[in-house]
Amino acid sequence: MTTRFQAPRGTQDVLPDMQPYWQAVNDAIRVVTRLHGFRRIDTPAFEYAGVFEKGSGDTTDIVEKEMYTFEDRGGERLALTPEGTPAICRAYLEHGMASWPQPVRLYTTHQMFRYDRPQKGRYRQHTQFDCEILGSTDPLIDAEVIAVLWRLYTMLGIRNIGVRLGSLDDLAPRRAYVERLKDYYRPHLEKLSEDSQRRFERNPLRLLDSKDERDLPYKDAAPKLIDELSPEAKAHHETVLEALGASEIPVAIDPLLVRGLDYYNRTVFEIVPTDDERAQGTIGGGGRYDGLIEILGGPPTPGMGFGSGIERVILEMQRSGVTFDEAAAADVYIVHRAEGAAAAVFGLASKLRSAGIPAICGESNKSMKAQMRGANHSGARFAVIIGDDEFAKGAGMVKDLSGEGEQQQMGIADIPAYLAAKLRA
RNA sequence: GCGGGCGUAGCGUAGUGGUUAACGCGUCUGGUUGUGGCCCAGAAGAUCGCGGGUUCGAACCCCGCCGCUCGCCCCA
């Protein structure tokens, strides 16, 4: 390799042109979370590795092969945050949020790090919008969390998406189901794909998720968890479904929906494009995790939340045709070519800015034509031109750039008030 | 981690073995005496992703690496 630097694999620069999308997303997040009574929390970029090893599950791919784990100079094992939920639960415990009015509604936007092979919509560093509601088992909480995300996407102009909803039941009945599922698959094990043979041991629920042709014949007849839910989980699931219906959110039951994290129980969901079959289509997903806080050493505390990748959300916005007008860099551009005027020019710009008017000064060493071009490119509505003639009189020429270019001369001291009035009109 | 496709100026492309790598957009400068947008002219800008090999000669063929991308795994 030469010494030419580039952004590390799987990372990206967010250039000015893309910032309006990020602005829009962050603005909408603020609005939506406010509508649902969430409060913001920010957690560190890294945690003790154990938070995720115990919280996310140390056999999950995220922890086992994707986590950026490192030892610091003091010998502590740390990990760059690969997902938000365990970190927020850790904070819930650490700050005694059990003593706050329950349930506690928290949201954040956080950088996530996963060592994964990059693709479109899949990066080693990405940003996630995370919402968590801790301390309630109410199925309406599940529906609300889903509704938050739906409202966000709708607000951002994303079309052609749908909710996929599933239920993983509670831990004990799910274990019993997994045994039944393994009993069903065991006689056919030899004929399954290599992936599925591995899944049989590691993560049997994923057997039903396989796309391999060799596995397809066995999928249909396999017992489905959603058909065998415990009465409590079944009632819970149905309430969630009805509540979403009442919110006019399109939901498809996905009997095979499995999430990649160990801690989920009962409700799991994803929001996916309905008109695009890409592999990284999921723009947001989450579920209920009533056992997680206990795993992290706290008292039994139910939880429900989601993560949504903002990079993917933006890709969906673009796919839905959302665009933004280019914002002007300034309202006023000061063109100057006068001997000894530097201080006066800089002072005028300062006065304009103090009056809340974005202003840019042309470069002293450039011709008037070049500076005027700069004024044009800046998108400024007015140019203030200060040449030798004007400066000698303590004046400036104020030129309206929007139309034919009418201009009038006035004292430099009068310019801020004049422009403030003009720009307000 | 596995398999496929791609990689030419800031961006989009042309060029598929033979002199100083082309075009559009963009950028910069100019079109006389101090003024933008349109037009015109000129300029800058590319070690053809990087390294090695084949050849008299490679952007073009071969290999390795890097990056992007599609699928798998998995996930946001």
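Hydrogens, waters and symmetry mates play no part in the numbers below; they use all other heavy atoms, side chains included. Quick note on labels: first sequence line is chain A, next is B, and so on, each numbered from 1.
Of the N and O atoms on the side chains of A:Ser193 and A:Asp215, at least one donor lies less than 3.5 Å from an acceptor on the other residue.
A:Lys399 comes within 4.0 angstrom of a base, heavy atoms only. Here A:Phe306 lies out of heavy-atom contact (under 4.0 Å) with every strand.
Phosphate proximity of B:A76 to A:Thr127: absent, as no side-chain N or O sits under 4.0 Å from OP1 or OP2. Applying the 4.0 Å criterion to OP1 and OP2 of B:C68, one finds that A:Gln119 has every side-chain N and O outside that range. Contact between the side-chain N/O atoms of A:Arg199 and the OP1/OP2 oxygens of B:C73 is found at a separation under 4.0 Å. Listed pair A:Lys369 / B:G31 fails the phosphate criterion, with no side-chain N or O lying under 4.0 Å from OP1 or OP2. Proximity of A:Arg9 to the phosphate of B:C68: a side-chain N or O atom is located under 4.0 Å from OP1 or OP2.
The environment of A:Arg34 atom CZ is sparse: at most 12 non-hydrogen atoms of other residues, nucleotides or ligands sit within 6.0 angstrom. Heavy atoms of other residues, nucleotides or ligands lying less than 6.0 angstrom from CZ of A:Phe346 number 12 at most. Other residues, nucleotides and ligands contribute over 12 non-hydrogen atoms within 6.0 Å of the NZ atom of A:Lys182.
Residues A:Lys366 and A:Tyr123 both approach RNA chain B. Their nearest nucleotides, taken by heavy-atom distance, put A:Lys366 toward the 5′ side.
Using a 4.0 Å cutoff on non-hydrogen atoms, the parts of residues 58-70 of chain A near RNA chain B are A:Asp61, A:Glu66, ordered by number.
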(request) In sequence, state the C-alpha distance, the side-chain angles, and the governing distance for A:Ser308 and A:Tyr153, and then conclude on side chain to side chain contact (heavy atoms under 4.5 Å, CB included). (result) CA-CA 10 Å; A:Ser308 178; A:Tyr153 296 156; 2.5 Å; yes
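Going from the P atom of B:C62 to that of B:G24 covers 32 Å, rounded to whole Å.
Atom NZ of A:Lys393 is separated from atom P of B:G34 by 15 Å (rounded to the nearest Å). Between A:Gln197 atom CD and B:C73 atom P the separation is 15 Å, expressed in whole Å. Taking atom NE2 of A:His377 as the reference point, atom C1' of B:C28 lies 11 Å away to the nearest angstrom.
Stacking of A:Lys65 on the aromatic ring of A:Tyr115 is not recorded, the 6.0 Å distance cut-off and the 45° axial limit not both being met.
Counting only heavy atoms from C-beta outward, the side chains of A:Arg288 and A:Ile141 approach each other to under 4.5 Å.
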